[in-house]
Structure formats: C-alpha cells, structure tokens
Amino acid sequence: MVRRPRMSPLHDERLAAWLGVALGASLGAVFLTGLVSHFMQNAPAWAAWPSRPVNLYRVTQGVHVIGGLAIIPLLLAKLWTVYPRLFRWPPFLGAGDAVERAVVGLLVPAALFQVVTGLFNIAYWYPFPFFFTVAHYWTAWILAGAVLVHALNQRRKVAHAMMTKPDDAVPRRRFLLAVGATSGVVVLTTVGETLRPLARLALLAPRLPRTGPQELPVNRSAYAAGTTALANDDGWRLRVTGRVARPLVLSRADLRALPQRTERLPIACVEGWSASATWTGVRVRDLLDLAGAAPDARVRVESLERTGVYRRSWLDAPHARDPLTLLALGVNGAPLDADHGAPLRLVAPNRPGVMQTKWVGELVVT
Ligand SMILES: Nc1nc2c(c(=O)[nH]1)N[C@H]1C(S)=C(S)[C@@H](COP(=O)(O)O)O[C@H]1N2
Ligand SMILES: [Mo]
C-alpha cells in the first residue's frame with residue numbers, strides 16, 4: 001500500500017478535475033482562434049478567407065489573445081493543485097502510466113511555453129532566438145495533441161471526481177471562485193484594447209485603442225521602416241502591374257481624381273489590440289477594373305519599405321473584389337500620417353493587421 005501524506009483539499013482530484021475541464025475548454029477556444037489567425041495569414045492554395053463579416057478577425061484574435069491571458073491564472077492554479085503528483089515517487093506505475101506521465105511531461109512545458117512566448121509577443125519583446133509565429137504555431141499542435149491524450153486518459157477519473165460529493169466542498173469552492181475572479185480581472189483589465197467601451201479599464205493592456213497619431217496605434221513607425229520621406233515625395237507613384245491589360249502609373253492627383261470612398265474599418269492587430277477608423281481612398285476593385293485585371297485575380301501588395309517581414313501582403317479574390325477594400329489616402333478626415341502609411345495604405349475588412357500594408361508602391365496582379 002502507498003502511504004499518502006495528509007494533504008490540503010486543494011490538492012485533491014475534484015479540484016484538479018474542475019480546473020482541468022475549464023482549462024481544456026479555454027485552451028480549445030484559444031487553439032481554434034489561433035488556427036484561424038495562422039490560416040488567415042498563410043492561406044492554403046485551395047482556400048481563400050472571406051472578407052466578411054468585417055469584424056470577424058477582430059473577434060477571433062481578441063478571443064485568442066485575451067483568452068490566452070485569462071488562461072494564466074487557471075494554469076497556475078492547476079499546476080499548484082497537481083504539483084505533489086508531478087513529483088511523486090515512484091515516477092510511474094506500469095506502461096500505461098508511463099505514457100500518461102510522458103504526455104503530462106510534454107503538456108506542462110508546452111503550455112508554459114505558449115503562455116510565455118505569447119506574453120512576450122504582445123509586449124513587443126523578442127528576447128528569444130527563434131521566430132515567434134513558427135514556434136508558437138508548432139508548439140500549439142504539440143500542446144493540443146497532449147491535452148487531447150491527457151483528457152482521454154483522465155476521462156473516467158474526471159467523471160468520477162465531478163460526480164462524487166466531497167465531505168467539505170467549501171475550501172475548493174472558494175479556491176475555484178478566487179481563480180475565476182482572477183481570470184475575470186485579467187479579462188477586464190485587458191479587453192479594452194479591442195473593446196472600445198472598456199478602454200478605460202485596460203490597465204494591463206500593452207496598447208490602447210486611442211494612442212498614437214490620428215488616434216490610432218502604430219506598431220511599426222515610418223521612422224523604423226525608413227519611409228518618412230515618402231509622405232512628401234512628389235515623385236511617388238502607385239503602379240498596377242502584372243497580368244493586366246493596361247498597366248497603371250498613378251500620382252496622388254490621379255488617385256484623388258478617381259471616385260473616393262469613405263469606410264469605417266478596423267485595424268485588428270495579431271497582438272490583440274484593435275481600433276476602428278474612418279478611411280478615405282480608392283477601391284482596389286476600381287483600380288483592378290481600370291487596369292483590366294481578371295475578376296478572380298490575386299493581388300500582391302508591395303510596400304516601399306525595403307526590409308521588414310510585413311512589407312508585402314496578398315489579396316485573394318474575395319478581398320481584392322470587396323467594395324470595402326481600399327487603398328486609403330486619408331484617415332479620420334485628414335491625409336494619412338507618415339506612421340499610418342502615407343502616401344497610401346491598404347485597409348480591408350476581416351483581415352489581420354499585419355496584412356494591412358502601409359506605404360504601398362505597387363499592386364502586382366497575378
Ligand atoms: N509596410 C508595412 N505595413 C504594415 C506593417 C509593417 O511593418 N510594414 N505593420 C502592420 C501591422 S503589424 C499592423 S497592426 C498595422 C498597423 O497599422 P497602423 O500603424 O496604421 O495602426 O500595419 C501593418 N502594416
Ligand atoms: Mo500588427
């Protein structure tokens with residue numbers, strides 16, 4: 001017989017089960033919304049993302065980032081509840097148990113890795129030697145697999161623990177309430193970075209929706225991108241090239257002479273903040289028609305920024321043809337600030353911020 005030391009009820013299986021279910025559900029939501037973000041940015045050749053609803057990406061990425069933050073208290077509570085078992089001796093009993101232990105040995109570091117790299121990323125701090133998106137994406141699959149196997153292994157124990165009535169439920173219930181409240185506070189103090197009415201509570205959010213020139217945040221400034229001079233460069237032209245009947249070379253004046261559209265669209269950054277603004281400019285669709293591009297054409301949007309991971313993006317047909325997709329010359333009633341992409345920037349509905357290319361110089365139709 002294994003002798004068990006007397007333990008606090010906070011290390012028991014009931015609590016571990018409840019926390020496990022809450023964690024499993026929230027990790028699932030964060031995993032799925034993370035996949036949405038990944039595939040929006042790396043669309044497979046056979047699929048194109050829809051351009052509507054306008055705010056869809058803003059919502060999925062908000063759930064991903066704010067949900068990921070809300071997981072931290074749950075994860076810490078779960079680790080605290082189960083840690084006596086993590087270090088128990090002997091380390092495993094039998095082959096099945098060895099597998100379960102190996103899965104937990106993968107699950108715990110993978111979960112911590114996701115939370116820590118995610119946190120660093122939204123804080124715009126990159127102390128690690130690897131590329132964040134690649135590492136975060138592949139670790140997500142490892143974590144999802146480990147969580148699934150762990151949940152299957154534990155399903156009977158969890159069902160049993162959740163059905164049986166404990167002799168004294170009060171300490172557990174209080175602990176769960178405290179953990180839930182902590183997650184709630186995390187959400188309330190960060191969600192304002194994407195939910196404007198709660199902006200005043202967003203004390204822990206790395207970006208606020210109204211900071212920055214023209215009341216809109218900036219990730220990469222014109223100074224950092226080396227594009228400050230473009231804003232006042234009279235030699236600047238927009239080129240529409242590639243598979244078109246009539247290649248175009250347009251100056252600012254040419255663009256202003258085309259039909260102008262004004263639309264309210266959000267910038268929804270992958271780092272979780274988002275902000276709506278009123279953009280004025282020319283429809284990409286109109287430019288493609290003017291150039292005589294095919295209706296199903298894909299368009300590569302090229303920035304005049306020389307280096308940088310986000311200096312180009314692709315518009316699949318749904319986005320290229322959407323009447324809301326603009327090349328904007330102005331925002332919130334004024335010409336674009338250099339930091340927001342002057343002289344011209346892309347802004348399209350339901351699209352990650354990293355693909356709202358600034359300082360545009362060329363549309364290449366493919
Ligand atoms: N050329 C270029 N465009 C870019 C970027 C960039 O680094 N280079 N950053 C993108 C990112 S990450 C975001 S969130 C939006 C932010 O737009 P804003 O600075 O106007 O708010 O611009 C996008 N456009
Ligand atoms: Mo972004």
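Atoms within a ligand are numbered from 1 in the order they appear, just like the ligands themselves.
Lys358 has no carboxylate O lying under 4.0 Å from a charged side-chain N of Asp337, or vice versa, which leaves the two without a salt bridge. For the pair Glu271 and Arg207, the salt-bridge criterion is not met [side-chain N within less than 4.0 Å of a carboxylate O].
You'll find the ring centres of Phe113 and Phe130 inside the 6.0 Å limit. The six-membered or imidazole ring of His319 lies away from that of Trp314, with a centre-to-centre distance of 6.0 Å or more.
Shown in contact with Trp359 at under 4.0 Å from a heavy atom are these atoms of ligand 1, numbered in order with element: 1 (N), 2 (C), 8 (N). For ligand 1, the atoms closer than 4.0 angstrom to any heavy atom of Asn219 are 12 (S), 14 (S), 19 (O). Those atoms of ligand 1 with a heavy atom of Arg220 less than 4.0 angstrom away are 6 (C), 7 (O). Taking every heavy atom of Trp273 and a limit of under 4.0 angstrom, the matching atoms of ligand 1 come to 14 (S), 21 (O). Of all the atoms in ligand 1, the ones that sit under 4.0 Å from a non-hydrogen atom of Ser303 are 1 (N).
Note on residues 16-38: pairs passing ring-ring contact (aromatic ring centres under 6.0 Å, His included), not counting sequence neighbours, are Phe31-Trp141, His38-Tyr137.
Judged by the 6.0 Å distance and 45° axis criteria, Arg88 is not positioned over the aromatic ring of Tyr83.
Looking only at protein heavy atoms, the nearest one to atom 12 (S) of ligand 1 is Val354 CG1, 3.4 Å. Closest to atom 3 (N) of ligand 1, if we only count protein heavy atoms, is Lys358 N, 3.0 Å. The protein atom (non-hydrogen) at minimum distance from atom 21 (O) of ligand 1 is Pro217 O, 2.4 Å. His340 ND1, 2.7 Å is the protein heavy atom nearest to atom 20 (O) of ligand 1. In terms of protein heavy atoms, atom 2 (C) of ligand 1 is closest to Glu305 OE1, 3.1 Å.
Contact annotation: the side chain of Asn121 approaches that of Tyr126 to within less than 4.5 Å [non-hydrogen atoms, C-beta and beyond].
In the hydrophobic clustering (ILVMFWY side chains linked at under 4.5 Å, chained through shared members), Met163 stands by itself.
Distances from atom 17 (O) of ligand 1 to the heavy atoms of Glu302, Arg345, Arg312, Gln356 show the closest one on Arg345. The option with the heavy atom closest to atom 23 (C) of ligand 1, from among Gly361, Pro213, Gly353, is Gly353. Atom 14 (S) of ligand 1 has its nearest heavy-atom neighbour, among Gly212, Gly341, Cys269, in Cys269.
Annotation for Leu326 and Gly281: closest pair CD1-N, 4.2 Å, computed over non-hydrogen atoms.
Without hydrogens or angle criteria, Arg283 side chain to Leu287 main chain gives no donor-acceptor distance under 3.5 Å.
With a heavy-atom cut-off of 4.0 Å, Ile267 touches ligand 1 through its side chain alone.
Under a 4.0 angstrom heavy-atom cut-off, Ala225 registers as lying outside contact with ligand 1.
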